[in-house]
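Every value quoted in this text rests on a predicted model; they were computed, and no experiment measured them.
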Amino acid sequence: MKLNELQNNLGAKEQKRRVGRGPGSGLGKTSGRGQKGQKSRSGGGVNPVFEGGQLPLYRRIPARGFNNAIFRKEYAIINLSDLNRFDDNTVITPELLKELGIVKKQLSGIKILGTGELTKKLTIKAHKFSQSAIDKITAAGSKYEVI
């Protein structure tokens, strides 16, 4: 068998319906579109949400709520357990974290979360800290600084 000899199985492909072709097809003259009117024209038809001139649903429903999403601040998050890879007395800055690939994008800043334990004495500089992170940092004898 060669690539140029490949064929579909019998009945696998249905022939295209040829509308507007003679009396035998059953779809001659108006091609199954009926007579006259918007839906019979080429390019005709109505928008799926059109309700015949009645006030559409999307306009009948009250506009509610307020969305401030475009002004939302999104922080790159790091857990305390991720900082144990550094040596004692290291000053951890956002630039250092980005350079080592711990943070891919800084976004609106870096936030340190309190997941895991901190075993090293470090100085951590970040834009935000969770309360649990602050408690664990001070308990470990480390320092934190809000930029």
Side-chain angles (χ1 to χ4, degrees), residues 1-21 25 27 30-34 36-147:
M1 179 178 284
K2 298 184 182 89
L3 283 175
N4 65 328
E5 294 174 354
L6 288 175
Q7 284 186 326
N8 286 315
N9 294 331
L10 198 61
K13 278 186 75 112
E14 216 171 290
Q15 278 196 321
K16 188 176 142 205
R17 181 170 289 165
R18 298 180 69 224
V19 296
R21 298 292 193 291
S25 70
L27 291 169
T30 54
S31 305
R33 288 174 175 258
K36 299 187 181 174
Q38 187 174 9
K39 287 169 69 178
S40 74
R41 316 281 184 207
S42 125
V46 291
N47 187 334
V49 296
F50 184 64
E51 298 184 30
Q54 171 177 300
L55 196 65
L57 182 68
Y58 72 90
R59 290 191 55 202
R60 292 198 303 267
I61 294 174
R64 288 183 53 87
F66 170 74
N67 189 344
N68 204 15
I70 59 171
F71 302 108
R72 179 180 69 218
K73 287 190 176 180
E74 203 169 326
Y75 291 92
I77 58 169
I78 298 174
N79 293 316
L80 276 181
S81 55
D82 298 336
L83 301 178
N84 285 325
R85 67 166 70 176
F86 295 103
D87 297 328
D88 280 338
N89 301 319
T90 306
V91 177
I92 297 169
T93 61
E95 293 79 29
L96 179 67
L97 294 170
K98 195 162 195 299
E99 188 182 307
L100 293 173
I102 297 172
V103 170
K104 300 283 186 273
K105 285 186 189 170
Q106 196 168 315
L107 304 172
S108 300
I110 291 178
K111 183 170 183 175
I112 309 292
L113 301 181
T115 306
E117 294 299 320
L118 186 63
T119 56
K120 308 281 176 75
K121 290 189 189 318
L122 306 167
T123 303
I124 306 164
K125 296 182 178 185
H127 300 91
K128 281 195 150 209
F129 293 86
S130 70
Q131 189 57 52
S132 62
I134 290 172
D135 297 341
K136 289 180 181 181
I137 290 168
T138 51
S142 295
K143 295 182 189 132
Y144 71 96
E145 191 178 316
V146 178
I147 300 174

Salt bridge (charged side-chain N to carboxylate O under 4.0 Å, His left out) assessment of Lys143 paired with Glu145: CA-CA 7 Å; Lys143 295 182 189 132; Glu145 191 178 316; over 6 Å; no
Full working for side chain to side chain contact (heavy atoms under 4.5 Å, CB included) between Thr90 and Thr123: CA-CA 6 Å; Thr90 306; Thr123 303; over 6 Å; no
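Residues Leu97 and Ile92 form a side-chain contact, since some pair of their non-hydrogen atoms from C-beta on lies under 4.5 Å apart. Residues Lys120 and Leu83 have side chains not in contact (no heavy-atom distance under 4.5 Å, counting atoms from C-beta outward). Under the 4.5 Å side-chain criterion, counting only non-hydrogen atoms from C-beta, Glu117 is in contact with Lys136.
When atom types are taken as modelled, the side chain of Ser130 and the backbone of Leu113 share no donor-acceptor pair closer than 3.5 angstrom. At least one donor-acceptor pair under 3.5 Å links the side chain of Glu51 to the backbone N or O of Leu57. For the pair His127 (side chain) and Ile110 (backbone), a donor-acceptor distance under 3.5 Å is present. Distance alone, capped at 3.5 Å, places no donor-acceptor pair between the Asn79 side chain and the Ser81 backbone. Formation of a donor-acceptor pair under 3.5 Å by the Ser31 side chain with backbone atoms of Arg33 is not found in this model. Under a 3.5 Å cut-off, the side chain of Arg21 and the backbone N or O of Val19 do form a donor-acceptor pair.
Counted within 6.0 Å of CD1 on Ile102, heavy atoms from surrounding residues, nucleotides or ligands total more than 12; the atom is thus considered enclosed. The number of heavy atoms from other shown groups lying within 6.0 Å of CZ (Arg17) does not exceed 12. Environment of CZ in Arg60: crowded, with over 12 heavy atoms of neighbouring residues, nucleotides or ligands closer than 6.0 Å. For Tyr144, the OH atom sits in a loose shell: 12 or fewer heavy atoms of surrounding residues, nucleotides or ligands are nearer than 6.0 Å. Summarising the local packing, CG of Asn68 is surrounded by more than 12 heavy atoms from other residues, nucleotides or ligands at distances under 6.0 Å. Within 6.0 Å of NZ on Lys128 lie no more than 12 heavy atoms contributed by other residues, nucleotides or ligands. Other residues, nucleotides and ligands contribute more than 12 heavy atoms inside 6.0 Å of the CD atom of Glu5. Environment of CD in Gln7: sparse, with no more than 12 heavy atoms of neighbouring residues, nucleotides or ligands closer than 6.0 Å.
If you take CD on Gln15 and NZ on Lys13, they are separated by 10.5 Å, rounding to the nearest 0.5 Å. Atom CD1 in Ile77 sits 9.5 Å away from atom CD in Glu74 (nearest 0.5 Å). For the atom pair Thr119 OG1 and Asn84 CG, the distance stands at 3.5 Å (nearest 0.5 Å). To the nearest 0.5 Å, atom NZ of residue Lys36 and atom OG1 of residue Thr30 are 12.5 Å apart.
For the residue pair Leu122 and Ser142, the shortest heavy atom distance occurs at N-OG, 2.9 Å. Scanning all heavy atoms of the two residues, the minimum distance from Gly45 to Gln38 falls at O-NE2, 3.2 Å. In plain terms, the two heavy atoms of Lys105 and Ala76 that are nearest each other are O-CB, 3.3 Å.
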